[in-house]
Amino acid sequence: MRGLYLLPMLLLPAVASHADDRAALVRLVRQDCGSCHGMTLNGGLGTPLTVQALSEKPVEGLAATNTLRPAGHAMPAWKSMLSEADAQWIAAHLLEGFPEERR
């Protein structure tokens, strides 16, 4: 019976790390991607990453672009730093309007 009391404590780190992971992804996009795509994602050296600019793009295509280096582009491949799930999360949120970084 004592083990049941420990269950919520065991789950807490997973929940906290999930939120931390999402915050890290927001920071990655806002800071690292923003260095080329503009800190507001409205474009710069790279194309805009706004809802309007990406509205016709499928999530799968955006996720693949997040992890693979597009042919003929200067964008780095992020595959070594992003899981498929992370790339999908970023792509889906770009299509919704990417969250601001919390400070």
Side-chain angles (χ1 to χ4, degrees):
M1 195 68 167
R2 243 176 42 180
L4 290 177
Y5 294 110
L6 293 176
L7 186 59
M9 295 173 125
L10 293 173
L11 294 176
L12 262 174
V15 171
S17 99
H18 181 70
D20 291 345
D21 289 348
R22 296 302 177 228
L25 290 176
V26 169
R27 179 167 179 73
L28 175 100
V29 171
R30 289 288 176 183
Q31 298 297 316
D32 294 309
C33 300
S35 66
C36 286
H37 293 280
M39 299 308 282
T40 60
L41 306 180
N42 285 311
L45 295 173
T47 59
L49 298 178
T50 60
V51 173
Q52 297 80 10
L54 301 175
S55 65
E56 301 294 319
K57 310 278 186 199
V59 172
E60 296 79 18
L62 290 173
T65 300
N66 289 340
T67 56
L68 305 172
R69 181 178 182 180
H73 290 258
M75 185 171 145
W78 292 93
K79 189 171 185 134
S80 64
M81 296 179 69
L82 291 175
S83 69
E84 182 63 32
D86 291 343
Q88 290 282 336
W89 187 89
I90 290 169
H93 284 79
L94 285 171
L95 290 172
E96 296 172 358
F98 207 74
E100 293 295 327
E101 184 178 2
R102 293 185 188 230
R103 303 215 179 230

Sort out for me which residue in D86, D32, T67 forms a side chain to side chain contact (heavy atoms under 4.5 Å, CB included) with W78. D32

Could you pull out the closest heavy-atom pair between A53 and P48, with the gap in Å? CB-O, 3.7 Å

Is atom CD of E96 surrounded by more than 12 heavy atoms (other residues, nucleotides or ligands) closer than 6.0 Å? yes

Smallest separation among heavy atoms of A63 and A87, with atom names: O-CB, 3.6 Å

Value for CD (E100) from CG (L41), rounded to nearest 0.5 Å, stands at 8.0 Å

Of all the heavy-atom pairs spanning H93 and P99, show the shortest one and how long it is. CB-CD, 4.2 Å

Of V26, L25, L49, the one forming a side chain to side chain contact (heavy atoms under 4.5 Å, CB included) with F98 is V26

Quickly, which of L95, I90, L94, L54 forms a side chain to side chain contact (heavy atoms under 4.5 Å, CB included) with V59? Name it, please. L95

Could you tell me whether a side-chain N or O of H37 sits under 3.5 Å from a main-chain N or O of T47, the two making a donor and an acceptor? yes

If you count heavy atoms of other groups shown closer than 6.0 angstrom to CE of M81, is the number above 12? no

Nearest-0.5 Å distance, CD of residue Q88 to CG of residue L82: 11.5 Å

Is the shortest heavy-atom distance from the side chain of C36 to the side chain of M75 under 4.5 Å? no

